[in-house]
Number of protein chains: 2
Amino acid sequence: MPVRKASVSAKDVAARAGVSRAAVSRTFTPGASVSEETRSKVIAAAEALGYQVNHLARGLISQKTGIVAVVGADLATPYRSELLRALTERLQAVGRVAILINTDRSDRSVDMALQQAIRYRAEAAIVLSGMPDKSISDLCHRNGLRLVLINRDDAHSRSIQIRLNDADAARLALTSFLRAGCRTLAVATSNAGTPSLVAREEGFLAEAHRRGLSVTCERFGPTGYESGLALGERLLVLPDRPDAIFCTTDLIACGVMDAARHRFSLSIPDDLSVIGFDDIPQSSWDSYQLTTFRQPIGEIASSAVDWLAEDEGDGETRVIRLAAPMSWRKSVRGSNAR
Amino acid sequence: MPVRKASVSAKDVAARAGVSRAAVSRTFTPGASVSEETRSKVIAAAEALGYQVNHLARGLISQKTGIVAVVGADLATPYRSELLRALTERLQAVGRVAILINTDRSDRSVDMALQQAIRYRAEAAIVLSGMPDKSISDLCHRNGLRLVLINRDDAHSRSIQIRLNDADAARLALTSFLRAGCRTLAVATSNAGTPSLVAREEGFLAEAHRRGLSVTCERFGPTGYESGLALGERLLVLPDRPDAIFCTTDLIACGVMDAARHRFSLSIPDDLSVIGFDDIPQSSWDSYQLTTFRQPIGEIASSAVDWLAEDEGDGETRVIRLAAPMSWRKSVRGSNAR
DNA sequence: AAGAACATTGCACACGTGTGCAAAATAAAT
DNA sequence: ATTTATTTTGCACACGTGTGCAATGTTCTT
């Protein structure tokens with residue numbers, strides 16, 4: 001029961017060009033042998049008919065679809081949308097096409113997303129959030145689907161895991177506060193408990209502990225601006241009000257800054273220094289000028305795509321650690337001189 | 001030359017379950033006839049082997065792939081990323097999978113993107129930016145690919161075009177300024193010249209003209225925050241400095257507001273009223289509290305997806321016009337009482 | 001019990017493509 | 001001119017699936 005118009009096939013082009021169907025196929029297969037005379041006849045016929053190779057059929061026979069699944073939740077947040085943009089651009093540059101699977105709906109969605117990726121015989125999947133169950137990861141391997149895990153905790157066998165040096169950044173945040181003369185330190189983070197947020201929080205706390213400093217740590221809600229407002233309100237009413245707050249994401253930082261200014265009439269950075277993480281576009285806006293750590297989005301995208309685009313590796317697990325360089329703006333005391 | 005592990009096929013499942021390959025197929029085809037005994041044998045075998053139906057093969061034989069292409073540039077801007085999130089969610093809810101094609105690289109990319117969509121035999125394409133050439137639009141039709149054009153100027157035959165009432169919103173922006181007592185009006189927009197921006201600008205100017213009012217219109221750069229800063233700087237140094245600026249997007253408005261406050265020390269809305277368009281998340285942040293028009297993203301997404309998910313229509317062109325309701329915040333004089 | 005109606009099953013074909021291989025054609029070497 | 005080497009071509013098969021159809025099995029009606 002075909003419900004659609006039949007597309008032009010290689011058979012139609014062959015008839016029009018007066019050659020065999022195999023000659024048509026060879027004309028559109030890189031590296032295949034075809035004479036210039038046949039080639040131009042086929043190209044002319046294909047253009048006249050509007051022929052486009054059917055990649056479903058090609059994928060079926062060649063076992064290479066060119067499809068890469070990108071799997072994630074919260075796709076509209078500044079960091080994730082920018083990463084998605086960079087990934088699609090890079091994938092297209094190496095001849096791949098991205099299937100986007102939104103996992104907003106549940107944690108189990110990563111497993112379901114990967115099963116969907118297998119149904120379309122995706123060559124690889126890039127997981128931006130959530131973590132696949134081991135049985136699904138094995139299923140991916142059995143189906144030749146390669147896994148890229150971005151900012152996930154566990155490495156799965158035969159996959160690549162791209163992590164940031166969150167702890168290094170957190171340490172640098174702490175030392176930057178100390179150098180700026182801040183003494184009452186706090187961490188503001190969400191209840192999401194995702195690997196990156198945990199690493200940043202723990203890195204900050206561990207470095208403070210190593211230096212014999214006490215830090216107030218406040219967690220609240222999902223990882224967004226509204227939680228930042230609430231976290232600012234909770235931290236800034238403390239009797240021992242912090243003069244420095246490390247926020248585990250920039251969205252939280254923007255909320256903290258707005259709470260400080262608009263609800264507590266504090267001046268940043270005179271009364272309160274703030275450091276975030278991500279370097280989203282809004283961090284550079286005049287209303288924020290937030291000092292933060294820049295997500296190396298270009299490097300994440302190229303690391304991910306270069307790995308999956310190379311020939312089948314030897315199956316070992318790889319972990320890539322990238323630095324998140326500091327972006328100095330005006331939210332830390334004494335940072336104007338940088 | 002297969003370069004990947006052969007996935008489990010229906011043939012493998014049939015052998016394990018002791019039934020025919022057709023029984024396996026029928027078990028995984030909704031509405032097909034299969035006994036409960038056979039079904040449970042097949043299901044058990046499929047689960048043991050990790051079988052996932054090959055949708056490439058299914059698409060080839062059934063001429064229905066479930067694939068919908070989403071085509072657009074500037075995917076990381078707040079409005080577009082939110083629309084993308086809503087579209088993927090809605091597409092998944094009706095059993096479709098989204099192929100995301102990024103057209104940042106050139107105008108001709110929409111044509112190339114649609115050709116790529118045809119190669120994967122996508123059932124439909126949702127175009128978020130750019131406009132396909134007529135010959136490509138025809139090619140889509142010939143291949144049974146249905147077109148959804150969002151905020152594009154021209155309707156193509158046998159497609160659906162979803163537009164906002166930009167001009168109505170612009171008129172309401174003007175009357176809101178007048179009601180707030182503003183007298184020196186300006187429009188701030190980009191050089192992008194996209195259909196929505198032009199409609200908003202022209203709607204504002206036409207209504208002003210109808211009322212015998214003069215408006216300064218300034219255009220600059222791409223459609224982003226930085227252009228808003230620059231536009232604010234250009235408009236606010238005028239000898240006849242505007243006391244009301246209609247910005248054709250919220251990103252531009254945030255830039256204008258930051259320029260007014262941080263570079264001209266103006267108070268909003270006392271010295272300057274600002275209205276934007278889109279209602280991006282940042283518009284509700286304490287630092288902005290921008291009065292704006294809300295993009296009906298949920299309705300756009302459901303209009304688009306409901307149309308393409310329904311059975312083949314009669315081929316007529318449809319235009320859907322949606323209202324962009326006003327979101328009152330604090331950037332217009334006298335708007336606190338709302 | 002027999003006949004009619006309905007459900008289930010396996011076979012074989014088709015969807016559109018890439019490719020191994022033998023045959024044919026062309027180019028290069030002697 | 002003949003032989004050898006290389007290129008090109010068409011045929012037929014395979015990839016994995018859904019389905020028309022004939023054959024078989026089961027249920028319902030008389």
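The analysis underlying the following values was restricted to heavy atoms, covering all of them including side chains, and did not include hydrogens, waters or symmetry mates. Lettering follows sequence order; numbering is per chain, from 1.
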Contacts of type side-chain contact (heavy atoms from CB on, under 4.5 Å), residue S302(A), not counting sequence neighbours: R90(A), D306(A)
Secondary structure of DNA chain D per the Watson-Crick/G-U criterion (both distances under 3.5 Å; [ ] crossing, | other strand, . unpaired) is ||||||||||||||||||||||||||||||
Mind listing the N/O atom pairs, protein and nucleotides 14-16 of chain C, below 3.5 Å?
| residue | atom | partner | partner atom | Å |
| --- | --- | --- | --- | --- |
| dC15(C) | O3' | Q63(B) | NE2 | 3.4 |

Dump every N/O contact between nucleotides 7-9 of chain D and the protein below 3.5 Å, one line per pair.
| residue | atom | partner | partner atom | Å |
| --- | --- | --- | --- | --- |
| dT8(D) | OP2 | S33(A) | OG | 2.7 |
| dT9(D) | OP1 | S35(A) | OG | 2.8 |
| dT9(D) | OP1 | T38(A) | OG1 | 2.3 |
| dT9(D) | OP2 | S35(A) | N | 3.1 |

The criterion is side-chain contact (heavy atoms from CB on, under 4.5 Å); which residues satisfy it with L60(B), sequence neighbours excluded? N54(A), A57(A), L60(A)
Value in whole Å for how far the C1' atom of dT17(C) lies from CZ of R119(B): 15 Å
Give a yes/no on whether any side-chain N or O of S25(A) is located under 4.0 angstrom from OP1 or OP2 of dT17(C). no
Y120(B) OH to I67(B) CD1 distance, which is reported to the nearest 0.5 Å: 8.5 Å
Residues forming a salt bridge (Lys or Arg N to Asp or Glu O under 4.0 Å) with E89(B), sequence neighbours excluded: R105(A), R85(B)
Looking at dG18(C), I'd like to know if its phosphate oxygens (OP1 or OP2) sit under 4.0 Å from a side-chain N or O belonging to S62(A). no
So, using salt bridge (Lys or Arg N to Asp or Glu O under 4.0 Å) as the criterion, who are the partners of D133(B) when residues are at least two apart? none
Which residues share a side-chain contact (heavy atoms from CB on, under 4.5 Å) with P296(A), sequence neighbours left out: L164(A), E299(A), I300(A), L322(A)
Looking at residues at least two apart in the chain, or sitting in another chain, which of them share a salt bridge (Lys or Arg N to Asp or Glu O under 4.0 Å) with E47(A)? none
Tell me every residue that passes salt bridge (Lys or Arg N to Asp or Glu O under 4.0 Å) with R321(A), counting only those two or more places apart in sequence or in another chain. none
Enumerate donor-acceptor pairs with a distance under 3.5 Å from any side-chain N or O in residues 12-29 of chain A to protein atoms, sequence neighbours excluded.
| residue | atom | partner | partner atom | Å |
| --- | --- | --- | --- | --- |
| D12(A) | OD2 | S9(A) | N | 2.8 |
| D12(A) | OD2 | S9(A) | OG | 3.4 |
| S20(A) | OG | A22(A) | N | 3.3 |
| S20(A) | OG | A23(A) | N | 3.1 |
| R26(A) | NE | S33(A) | O | 3.4 |
| T27(A) | OG1 | A23(A) | O | 2.8 |
| T29(A) | OG1 | S25(A) | O | 2.7 |

Sequence neighbours excluded - side-chain hydrogen bond (donor to acceptor under 3.5 Å, both in side chains) pairs with any residue from residues 70-81 of chain A: Y79(A)-N151(A)
